[in-house]
Amino acid sequence: MFALGSSHRFYLYDGFCDMRKSFDGLCGLISSGMQRQATSGEVFVFLNRSRTHMKLLYWEKGGFVLYYKRLESGTFMPPNVKNGELSWSVHIPHYTTPLFCSKLVLHQFW
């Protein structure tokens, strides 16, 4: 089950991601572009150029979990920097996953 909460740390990839990338391609971006370990238990967030697609990659016991969200209308709001951390508000209707109904705090990695 894909369950994330406030105990997880979220890291936003600094750049735009080709959404054709899957597990191995995203792991490559994490290790080479973010200098982090994909198997750390942190959640890595990737956006496409138009901010209409988002992927979250997360390692849990037994393997990777990849969550992919495509908005039918609107865009994901760009992150704001406050006190060295990125905060990001996402306004999605109530019938979508609870993950996007609250704020995601994305930690700055660069």
Side-chain angles (χ1 to χ4, degrees):
M1 172 132 212
F2 189 66
L4 299 174
S6 60
S7 63
H8 290 93
R9 294 185 66 146
F10 294 82
Y11 289 88
L12 176 66
Y13 176 68
D14 184 29
F16 300 108
C17 180
D18 178 353
M19 288 294 141
R20 294 174 292 183
K21 291 186 182 297
S22 190
F23 298 99
D24 294 334
L26 295 175
C27 286
L29 292 177
I30 292 167
S31 62
S32 65
M34 301 171 79
Q35 286 77 46
R36 303 207 65 85
Q37 290 281 37
T39 57
S40 65
E42 299 162 331
V43 181
F44 298 95
V45 180
F46 303 90
L47 293 173
N48 68 335
R49 184 173 300 280
S50 60
R51 297 190 330 264
T52 56
H53 295 68
M54 175 194 294
K55 283 189 176 183
L56 280 71
L57 184 66
Y58 171 65
W59 172 264
E60 64 180 19
K61 187 177 180 179
F64 283 106
V65 177
L66 183 63
Y67 183 86
Y68 190 10
K69 177 75 176 185
R70 182 187 76 182
L71 297 178
E72 291 297 320
S73 63
T75 60
F76 292 105
M77 301 298 292
N80 299 312
V81 178
K82 292 183 181 178
N83 299 328
E85 287 189 350
L86 296 173
S87 63
W88 191 20
S89 297
V90 181
H91 302 286
I92 305 288
H94 69 280
Y95 52 82
T96 59
T97 179
L99 173 67
F100 294 111
C101 294
S102 62
K103 286 187 176 183
L104 294 178
V105 177
L106 303 170
H107 300 278
Q108 188 172 2
F109 62 87
W110 58 90

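Counting begins at 1 with the first residue of the sequence. Hydrogens, waters and symmetry mates are skipped; everything else that's a heavy atom, side chains included, is used.
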Subject >> Chi angles and distances behind the side chain to side chain contact (heavy atoms under 4.5 Å, CB included) call for Leu57, Phe64 >> reply: CA-CA 7 Å; Leu57 184 66; Phe64 283 106; 3.9 Å; yes
Original post:
After noting the C-alpha distance and the side-chain angles of Tyr68 and Met54, does the key distance pass the side chain to side chain contact (heavy atoms under 4.5 Å, CB included) rule?
Top reply: CA-CA 6 Å; Tyr68 190 10; Met54 175 194 294; over 6 Å; no
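With 3.5 Å as the limit, one finds no donor-acceptor pair spanning the side chains of Gln37 and Thr39.
Considering only heavy atoms from C-beta on, Val45 stays 4.5 Å or farther from Tyr13 through its side chain. With contacts defined as side-chain heavy-atom distances shorter than 4.5 Å, the pair Val43/Tyr11 does not qualify. Leu26 places a side-chain heavy atom less than 4.5 Å from the side chain of Leu66.
Remark: Arg36 fails to qualify as a cation-pi partner of Phe44 under the 6.0 Å distance and 45° angle criteria applied to the six-membered ring.
With values rounded to the nearest 0.5 angstrom, Lys69 atom NZ is found 11.5 Å from Leu56 atom CG. Here OG of Ser22 is found 5.5 Å from NZ of Lys55. Values are rounded to the nearest 0.5 Å. Here CG of Leu29 is found 11.5 Å from CG of Asp14. Values are rounded to the nearest 0.5 Å. With values rounded to the nearest 0.5 angstrom, His53 atom NE2 is found 15.5 Å from Phe46 atom CZ.
Here the closest heavy-atom approach between residue Trp59 and residue Ala38 is recorded as CB-O, 3.5 Å.
With Asn48 contributing its side chain and Met19 its backbone, the two residues share no donor-acceptor pair below 3.5 Å.
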